[in-house]
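Shown next, in C-alpha coordinates, is the structure this report addresses.
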Amino acid sequence: MVEKKKTGKAAPKPKKAKAGPAAKPETAAAAPPVAPAAKPTAAAPGVAAASPLDGRPGTGIDTAVMVEHPHAGKINLRGDPADQAFLDAVRDAAGAAPPTDANTVATAGRNEILWLGPDEWLVVTPEGEQGAMETALGAALAGQHVSVVDTTDARTTIRMHGAHARDVLVKGCPLDLHPRAFGPGQCAQTIIAKADVLIHQRDDAPTYDIYVLCSFARYLWDWLVDAAREFS
Amino acid sequence: MFLIECPWCGPRSQTEFHCHGEAHIARPKYPDAVSDAEWADYVFNRSNTKGVIYERWVHNHGCRRWFNVARDTVSDRILAVYRVGGKRPEVTP
Ligand SMILES: [Zn+2]
(Lines give C-alpha, C1' and ligand atoms only; values in the text may rest on other atoms or scores of the structure.)
Protein backbone atom coordinates (compact mmCIF):
# COMPACT_ATOMS: atom_id res chain seq x y z
CA MET A 1 0.00 0.00 0.00
CA VAL A 2 2.65 2.48 1.02
CA GLU A 3 4.71 1.82 -2.04
CA LYS A 4 1.72 2.33 -4.27
CA LYS A 5 3.00 5.50 -5.78
CA LYS A 6 2.07 5.63 -9.39
CA THR A 7 2.16 7.74 -12.52
CA GLY A 8 -0.67 10.28 -12.57
CA LYS A 9 -0.24 13.22 -10.27
CA ALA A 10 2.60 11.68 -8.33
CA ALA A 11 5.24 13.22 -10.53
CA PRO A 12 4.25 16.63 -11.79
CA LYS A 13 6.88 17.72 -14.22
CA PRO A 14 5.70 21.24 -14.98
CA LYS A 15 7.34 21.95 -18.29
CA LYS A 16 7.80 18.43 -19.45
CA ALA A 17 4.25 17.67 -20.55
CA LYS A 18 5.50 16.33 -23.80
CA ALA A 19 8.47 14.44 -22.45
CA GLY A 20 8.36 11.04 -24.07
CA PRO A 21 8.93 7.70 -22.42
CA ALA A 22 12.65 8.32 -22.75
CA ALA A 23 12.68 10.89 -19.94
CA LYS A 24 16.14 10.73 -18.46
CA PRO A 25 16.87 9.95 -14.84
CA GLU A 26 18.69 13.28 -14.53
CA THR A 27 15.48 15.07 -15.39
CA ALA A 28 13.57 13.22 -12.73
CA ALA A 29 16.23 13.96 -10.16
CA ALA A 30 16.11 17.65 -11.02
CA ALA A 31 12.36 17.83 -10.44
CA PRO A 32 11.18 19.63 -7.31
CA PRO A 33 11.42 17.39 -4.25
CA VAL A 34 7.79 16.33 -3.97
CA ALA A 35 8.16 13.08 -2.11
CA PRO A 36 11.24 10.98 -1.69
CA ALA A 37 10.59 8.54 -4.50
CA ALA A 38 12.63 5.38 -4.63
CA LYS A 39 15.85 5.52 -6.58
CA PRO A 40 14.87 5.99 -10.17
CA THR A 41 16.12 3.43 -12.61
CA ALA A 42 17.11 4.11 -16.17
CA ALA A 43 14.16 2.10 -17.44
CA ALA A 44 11.46 3.57 -15.20
CA PRO A 45 12.07 6.61 -13.06
CA GLY A 46 10.15 6.43 -9.80
CA VAL A 47 8.47 3.45 -8.24
CA ALA A 48 6.92 0.62 -10.17
CA ALA A 49 3.14 0.58 -10.16
CA ALA A 50 1.59 -1.96 -7.81
CA SER A 51 -1.93 -3.32 -7.75
CA PRO A 52 -3.95 -4.59 -4.78
CA LEU A 53 -4.42 -7.82 -6.75
CA ASP A 54 -0.75 -8.50 -7.54
CA GLY A 55 -0.12 -12.22 -7.06
CA ARG A 56 -3.72 -13.05 -6.13
CA PRO A 57 -4.61 -16.60 -7.23
CA GLY A 58 -7.39 -16.81 -9.80
CA THR A 59 -10.27 -19.22 -10.24
CA GLY A 60 -8.35 -21.94 -12.06
CA ILE A 61 -11.55 -22.54 -14.00
CA ASP A 62 -11.35 -22.08 -17.76
CA THR A 63 -15.05 -21.29 -18.10
CA ALA A 64 -14.72 -18.42 -15.65
CA VAL A 65 -11.24 -16.99 -16.09
CA MET A 66 -10.28 -13.95 -14.07
CA VAL A 67 -7.31 -11.74 -14.87
CA GLU A 68 -6.55 -8.35 -13.55
CA HIS A 69 -6.22 -5.58 -16.11
CA PRO A 70 -4.54 -3.01 -13.88
CA HIS A 71 -3.39 0.54 -14.44
CA ALA A 72 -5.54 1.38 -17.46
CA GLY A 73 -5.93 5.15 -17.62
CA LYS A 74 -9.31 6.28 -16.27
CA ILE A 75 -10.41 9.87 -16.68
CA ASN A 76 -13.68 11.10 -15.31
CA LEU A 77 -15.33 13.49 -17.75
CA ARG A 78 -18.34 15.72 -17.20
CA GLY A 79 -20.02 18.06 -19.60
CA ASP A 80 -23.26 18.87 -21.39
CA PRO A 81 -24.12 16.29 -24.08
CA ALA A 82 -26.65 18.72 -25.57
CA ASP A 83 -23.76 21.03 -26.43
CA GLN A 84 -22.35 20.11 -29.86
CA ALA A 85 -19.11 21.93 -29.09
CA PHE A 86 -18.56 19.62 -26.12
CA LEU A 87 -19.19 16.47 -28.17
CA ASP A 88 -16.90 17.70 -30.97
CA ALA A 89 -14.08 18.62 -28.61
CA VAL A 90 -14.15 15.22 -26.93
CA ARG A 91 -14.17 13.52 -30.34
CA ASP A 92 -11.13 15.55 -31.32
CA ALA A 93 -9.22 14.59 -28.19
CA ALA A 94 -10.33 11.01 -27.58
CA GLY A 95 -11.25 9.81 -31.06
CA ALA A 96 -14.93 9.28 -30.27
CA ALA A 97 -17.74 11.44 -28.96
CA PRO A 98 -19.08 10.55 -25.53
CA PRO A 99 -22.04 8.19 -26.00
CA THR A 100 -25.37 9.83 -25.24
CA ASP A 101 -27.32 6.56 -25.06
CA ALA A 102 -27.54 5.37 -21.46
CA ASN A 103 -25.43 2.37 -20.47
CA THR A 104 -23.36 2.26 -23.66
CA VAL A 105 -19.67 2.41 -24.57
CA ALA A 106 -17.98 4.23 -27.45
CA THR A 107 -14.71 2.81 -28.72
CA ALA A 108 -11.98 4.61 -30.62
CA GLY A 109 -8.85 2.60 -31.24
CA ARG A 110 -7.58 1.62 -27.81
CA ASN A 111 -9.63 4.28 -26.03
CA GLU A 112 -13.07 3.62 -24.62
CA ILE A 113 -15.66 6.04 -23.31
CA LEU A 114 -18.11 4.54 -20.86
CA TRP A 115 -21.44 6.22 -20.06
CA LEU A 116 -21.80 6.83 -16.32
CA GLY A 117 -24.73 9.24 -16.20
CA PRO A 118 -26.54 11.90 -18.22
CA ASP A 119 -23.53 14.23 -18.08
CA GLU A 120 -20.73 11.95 -16.94
CA TRP A 121 -18.37 9.48 -18.60
CA LEU A 122 -15.24 7.46 -17.92
CA VAL A 123 -12.56 7.78 -20.58
CA VAL A 124 -10.40 4.65 -20.46
CA THR A 125 -6.97 4.70 -22.09
CA PRO A 126 -4.08 2.24 -22.30
CA GLU A 127 -1.77 2.20 -19.32
CA GLY A 128 0.36 5.30 -19.03
CA GLU A 129 -1.58 7.35 -21.57
CA GLN A 130 -3.91 9.02 -19.08
CA GLY A 131 -1.68 12.05 -18.64
CA ALA A 132 -1.59 12.77 -22.35
CA MET A 133 -5.35 12.20 -22.60
CA GLU A 134 -6.06 14.52 -19.69
CA THR A 135 -3.93 17.18 -21.35
CA ALA A 136 -5.58 16.67 -24.74
CA LEU A 137 -9.10 16.82 -23.27
CA GLY A 138 -8.19 19.88 -21.25
CA ALA A 139 -6.86 21.65 -24.32
CA ALA A 140 -9.78 20.68 -26.57
CA LEU A 141 -12.33 21.70 -23.94
CA ALA A 142 -10.64 24.92 -22.86
CA GLY A 143 -13.21 27.56 -21.98
CA GLN A 144 -16.09 25.11 -21.71
CA HIS A 145 -18.01 24.35 -18.51
CA VAL A 146 -16.67 20.84 -18.02
CA SER A 147 -14.70 18.68 -15.63
CA VAL A 148 -11.75 16.45 -16.55
CA VAL A 149 -10.21 14.51 -13.67
CA ASP A 150 -7.65 11.72 -13.78
CA THR A 151 -9.00 8.96 -11.51
CA THR A 152 -6.68 6.23 -12.78
CA ASP A 153 -5.44 5.14 -9.39
CA ALA A 154 -8.86 4.93 -7.74
CA ARG A 155 -9.93 1.71 -9.43
CA THR A 156 -8.56 -1.46 -10.89
CA THR A 157 -10.22 -3.71 -13.44
CA ILE A 158 -11.05 -7.39 -13.11
CA ARG A 159 -11.53 -8.97 -16.51
CA MET A 160 -13.66 -12.10 -16.41
CA HIS A 161 -14.51 -14.28 -19.36
CA GLY A 162 -15.76 -17.71 -20.21
CA ALA A 163 -18.96 -19.68 -20.61
CA HIS A 164 -19.76 -19.37 -16.90
CA ALA A 165 -18.70 -15.75 -16.39
CA ARG A 166 -22.28 -14.54 -16.49
CA ASP A 167 -23.43 -17.26 -14.09
CA VAL A 168 -20.79 -16.21 -11.58
CA LEU A 169 -21.65 -12.51 -11.76
CA VAL A 170 -25.40 -12.93 -11.41
CA LYS A 171 -24.89 -14.63 -8.07
CA GLY A 172 -24.11 -11.24 -6.58
CA CYS A 173 -25.35 -8.66 -9.07
CA PRO A 174 -28.95 -7.41 -9.29
CA LEU A 175 -28.48 -6.18 -12.86
CA ASP A 176 -30.21 -8.21 -15.57
CA LEU A 177 -27.22 -9.64 -17.45
CA HIS A 178 -29.30 -11.88 -19.73
CA PRO A 179 -28.23 -11.32 -23.36
CA ARG A 180 -31.65 -9.89 -24.21
CA ALA A 181 -31.07 -7.11 -21.65
CA PHE A 182 -27.31 -6.58 -21.56
CA GLY A 183 -24.82 -7.30 -24.33
CA PRO A 184 -21.51 -6.31 -25.86
CA GLY A 185 -20.88 -2.57 -25.89
CA GLN A 186 -23.02 -1.97 -22.84
CA CYS A 187 -21.94 -0.81 -19.40
CA ALA A 188 -23.61 -0.13 -16.09
CA GLN A 189 -22.78 1.08 -12.65
CA THR A 190 -24.25 -1.35 -10.19
CA ILE A 191 -23.24 -3.60 -7.29
CA ILE A 192 -21.69 -7.04 -6.98
CA ALA A 193 -21.82 -8.60 -3.55
CA LYS A 194 -22.51 -5.12 -2.13
CA ALA A 195 -19.41 -3.58 -3.71
CA ASP A 196 -19.97 -0.69 -6.11
CA VAL A 197 -18.77 -1.63 -9.58
CA LEU A 198 -18.85 -0.48 -13.16
CA ILE A 199 -19.45 -3.42 -15.50
CA HIS A 200 -18.63 -3.34 -19.20
CA GLN A 201 -19.47 -6.33 -21.40
CA ARG A 202 -16.84 -6.51 -24.12
CA ASP A 203 -17.97 -9.45 -26.25
CA ASP A 204 -20.18 -12.52 -26.47
CA ALA A 205 -17.70 -14.91 -24.78
CA PRO A 206 -18.87 -13.22 -22.60
CA THR A 207 -16.03 -11.03 -21.39
CA TYR A 208 -16.70 -8.49 -18.68
CA ASP A 209 -14.54 -5.68 -17.39
CA ILE A 210 -15.40 -5.03 -13.77
CA TYR A 211 -14.08 -1.72 -12.47
CA VAL A 212 -13.84 -1.67 -8.70
CA LEU A 213 -12.29 0.65 -6.14
CA CYS A 214 -8.82 -0.56 -5.16
CA SER A 215 -9.91 -0.74 -1.54
CA PHE A 216 -12.62 -3.25 -2.50
CA ALA A 217 -10.57 -5.16 -5.08
CA ARG A 218 -9.30 -8.01 -2.90
CA TYR A 219 -12.68 -8.50 -1.30
CA LEU A 220 -14.46 -8.64 -4.66
CA TRP A 221 -11.78 -10.80 -6.28
CA ASP A 222 -11.99 -13.37 -3.48
CA TRP A 223 -15.77 -13.28 -3.54
CA LEU A 224 -15.76 -13.99 -7.29
CA VAL A 225 -13.24 -16.80 -6.93
CA ASP A 226 -15.47 -18.37 -4.31
CA ALA A 227 -18.59 -17.85 -6.40
CA ALA A 228 -16.92 -19.58 -9.35
CA ARG A 229 -16.05 -22.74 -7.41
CA GLU A 230 -19.27 -24.55 -8.25
CA PHE A 231 -18.29 -24.44 -11.94
CA SER A 232 -14.94 -26.18 -11.48
CA MET B 1 -36.82 -8.27 -6.72
CA PHE B 2 -38.38 -4.82 -6.61
CA LEU B 3 -37.46 -2.72 -9.66
CA ILE B 4 -37.32 1.06 -9.76
CA GLU B 5 -37.15 2.97 -13.03
CA CYS B 6 -34.22 5.36 -12.85
CA PRO B 7 -35.05 8.20 -15.25
CA TRP B 8 -31.48 7.96 -16.57
CA CYS B 9 -30.40 4.31 -16.31
CA GLY B 10 -33.70 2.48 -16.72
CA PRO B 11 -35.08 -0.28 -14.49
CA ARG B 12 -32.73 -1.24 -11.67
CA SER B 13 -32.96 -3.15 -8.44
CA GLN B 14 -34.25 -1.37 -5.37
CA THR B 15 -30.96 -2.17 -3.64
CA GLU B 16 -29.20 0.38 -5.87
CA PHE B 17 -31.37 3.23 -4.53
CA HIS B 18 -32.00 5.22 -1.40
CA CYS B 19 -35.11 7.17 -0.46
CA HIS B 20 -34.53 10.56 1.10
CA GLY B 21 -37.99 11.52 2.26
CA GLU B 22 -40.78 13.70 1.07
CA ALA B 23 -40.23 15.90 -1.98
CA HIS B 24 -41.41 19.45 -2.74
CA ILE B 25 -40.62 20.82 0.70
CA ALA B 26 -39.38 24.33 0.13
CA ARG B 27 -36.84 25.82 2.47
CA PRO B 28 -38.11 29.17 3.74
CA LYS B 29 -36.55 31.85 1.59
CA TYR B 30 -35.64 34.02 4.57
CA PRO B 31 -34.97 31.73 7.55
CA ASP B 32 -34.43 34.75 9.82
CA ALA B 33 -37.91 35.99 9.10
CA VAL B 34 -39.87 32.86 10.04
CA SER B 35 -41.08 31.95 13.51
CA ASP B 36 -39.73 28.97 15.43
CA ALA B 37 -42.98 27.17 14.75
CA GLU B 38 -42.72 27.74 11.02
CA TRP B 39 -39.10 26.62 11.01
CA ALA B 40 -39.95 23.51 13.01
CA ASP B 41 -42.71 22.77 10.54
CA TYR B 42 -40.21 22.96 7.69
CA VAL B 43 -37.65 20.82 9.47
CA PHE B 44 -39.80 18.15 11.11
CA ASN B 45 -43.37 17.91 9.93
CA ARG B 46 -44.18 15.64 7.00
CA SER B 47 -47.50 14.67 5.49
CA ASN B 48 -47.26 10.97 6.46
CA THR B 49 -49.83 10.19 3.83
CA LYS B 50 -51.80 6.99 3.54
CA GLY B 51 -51.99 6.87 -0.22
CA VAL B 52 -49.92 8.78 -2.74
CA ILE B 53 -46.73 10.37 -1.46
CA TYR B 54 -44.13 12.30 -3.48
CA GLU B 55 -40.58 11.44 -2.52
CA ARG B 56 -36.94 12.18 -3.37
CA TRP B 57 -34.86 9.18 -4.36
CA VAL B 58 -31.24 8.84 -5.39
CA HIS B 59 -29.66 6.15 -7.57
CA ASN B 60 -26.67 6.05 -5.27
CA HIS B 61 -25.13 2.78 -6.51
CA GLY B 62 -25.71 3.71 -10.15
CA CYS B 63 -25.60 7.09 -11.83
CA ARG B 64 -25.87 8.89 -8.46
CA ARG B 65 -28.60 11.22 -9.77
CA TRP B 66 -31.55 12.42 -7.74
CA PHE B 67 -35.11 12.17 -8.98
CA ASN B 68 -38.66 12.23 -7.67
CA VAL B 69 -41.11 9.40 -7.27
CA ALA B 70 -44.87 9.19 -6.66
CA ARG B 71 -45.50 6.15 -4.50
CA ASP B 72 -48.61 4.61 -3.00
CA THR B 73 -47.81 3.97 0.65
CA VAL B 74 -50.58 1.39 0.88
CA SER B 75 -49.51 -0.90 -1.97
CA ASP B 76 -45.85 0.31 -2.13
CA ARG B 77 -46.31 0.65 -5.88
CA ILE B 78 -44.33 3.37 -7.62
CA LEU B 79 -46.86 5.20 -9.77
CA ALA B 80 -44.62 7.73 -11.48
CA VAL B 81 -40.98 8.75 -11.72
CA TYR B 82 -40.12 12.32 -12.63
CA ARG B 83 -37.16 14.65 -12.60
CA VAL B 84 -36.10 16.99 -9.85
CA GLY B 85 -37.71 20.36 -10.45
CA GLY B 86 -40.60 18.77 -12.31
CA LYS B 87 -44.26 19.21 -11.37
CA ARG B 88 -46.02 16.61 -9.24
CA PRO B 89 -47.68 14.26 -11.73
CA GLU B 90 -51.37 13.48 -11.24
CA VAL B 91 -51.58 9.82 -10.34
CA THR B 92 -54.27 7.53 -9.05
CA PRO B 93 -53.34 4.74 -6.67
ZN1 LIG C 1 -29.44 5.95 -12.58
Side-chain angles (χ1 to χ4, degrees), chain A residues 76-82 98-105 113-122 147 149 151 154-155 169-178 180-183 185-201 210-213 215-216 219-220 223, chain B residues 1-27 29 49 52-91 93:
Chain A
N76 185 277
L77 170 69
R78 300 196 66 174
D80 179 5
T100 50
D101 285 342
N103 307 313
T104 62
V105 179
I113 307 181
L114 284 69
W115 185 92
L116 299 181
D119 61 3
E120 187 175 9
W121 297 266
L122 190 70
S147 162
V149 180
T151 61
R155 291 178 178 78
L169 295 187
V170 298
K171 289 169 81 171
C173 179
L175 194 68
D176 186 358
L177 293 176
H178 190 282
R180 74 173 163 248
F182 197 80
Q186 284 191 272
C187 68
Q189 294 184 95
T190 181
I191 39 186
I192 298 176
K194 299 181 185 172
D196 282 3
V197 293
L198 167 63
I199 300 181
H200 168 203
Q201 183 173 341
I210 303 159
Y211 296 80
V212 60
L213 288 171
S215 51
F216 280 81
Y219 158 74
L220 184 64
W223 189 93
Chain B
M1 190 161 60
F2 185 48
L3 290 177
I4 296 173
E5 180 88 17
C6 171
W8 306 107
C9 303
R12 295 294 188 90
S13 164
Q14 168 196 19
T15 53
E16 294 185 12
F17 299 86
H18 259 71
C19 177
H20 282 262
E22 194 166 357
H24 304 289
I25 294 177
R27 187 176 196 271
K29 219 170 190 167
T49 312
V52 177
I53 190 172
Y54 297 88
E55 293 171 320
R56 301 182 308 148
W57 285 68
V58 61
H59 191 190
N60 56 321
H61 296 291
C63 63
R64 295 184 300 282
R65 266 49 177 196
W66 291 77
F67 56 97
N68 290 339
V69 150
R71 184 174 62 91
D72 183 351
T73 59
V74 178
S75 65
D76 209 22
R77 278 186 58 212
I78 288 178
L79 305 164
V81 170
Y82 57 108
R83 292 183 185 178
V84 169
K87 277 223 161 88
R88 265 174 256 232
E90 288 297 327
V91 291

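So that the names make sense, note that chain A is the first sequence line, chain B the second, and so on, each numbered from 1.
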Which heavy atom of [X] sits nearest a heavy atom of [Y], and at what distance?
X        : Y        : value
B:Cys63  : A:Gln189 : CA-NE2, 3.8 Å
A:Trp115 : B:Trp8   : CH2-O, 3.7 Å
A:Asp196 : B:Asn60  : OD2-O, 4.5 Å
A:Pro174 : B:Glu16  : CG-OE2, 4.0 Å

Can you tell me which portion of A:Asp119 sits under 4.5 Å from chain B's heavy atoms? Options are side chain, backbone, both or neither.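 Both parts, heavy atoms under 4.5 Å.
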
Non-hydrogen atoms of chain B under 4.5 Å away: do they reach the side chain of A:Ala181, the backbone, both or neither?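 For A:Ala181, neither part sits under 4.5 Å from chain B.
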
Quick check: are there more than 12 heavy atoms from other residues, nucleotides or ligands sitting under 6.0 Å from [atom1] of [X]?
X        : atom1 : value
A:Phe216 : CZ    : no
B:His18  : NE2   : no
A:Lys171 : NZ    : yes

Would you please name every residue forming a salt bridge (charged side-chain N to carboxylate O under 4.0 Å, His left out) with [X], sequence neighbours left out?
X        : answer
A:Arg155 : none
B:Arg77  : none
B:Asp76  : B:Arg71

Using non-hydrogen atoms and a limit below 4.5 Å, what part of residues 78-90 of chain B faces chain A?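 From residues 78-90 of chain B, none sit under 4.5 Å of chain A.
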
To the nearest 0.5 Å, tell me how far A:Thr190 OG1 sits from B:His59 NE2.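 Taking OG1 in A:Thr190 and NE2 in B:His59, the distance rounds to 7.0 Å.
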
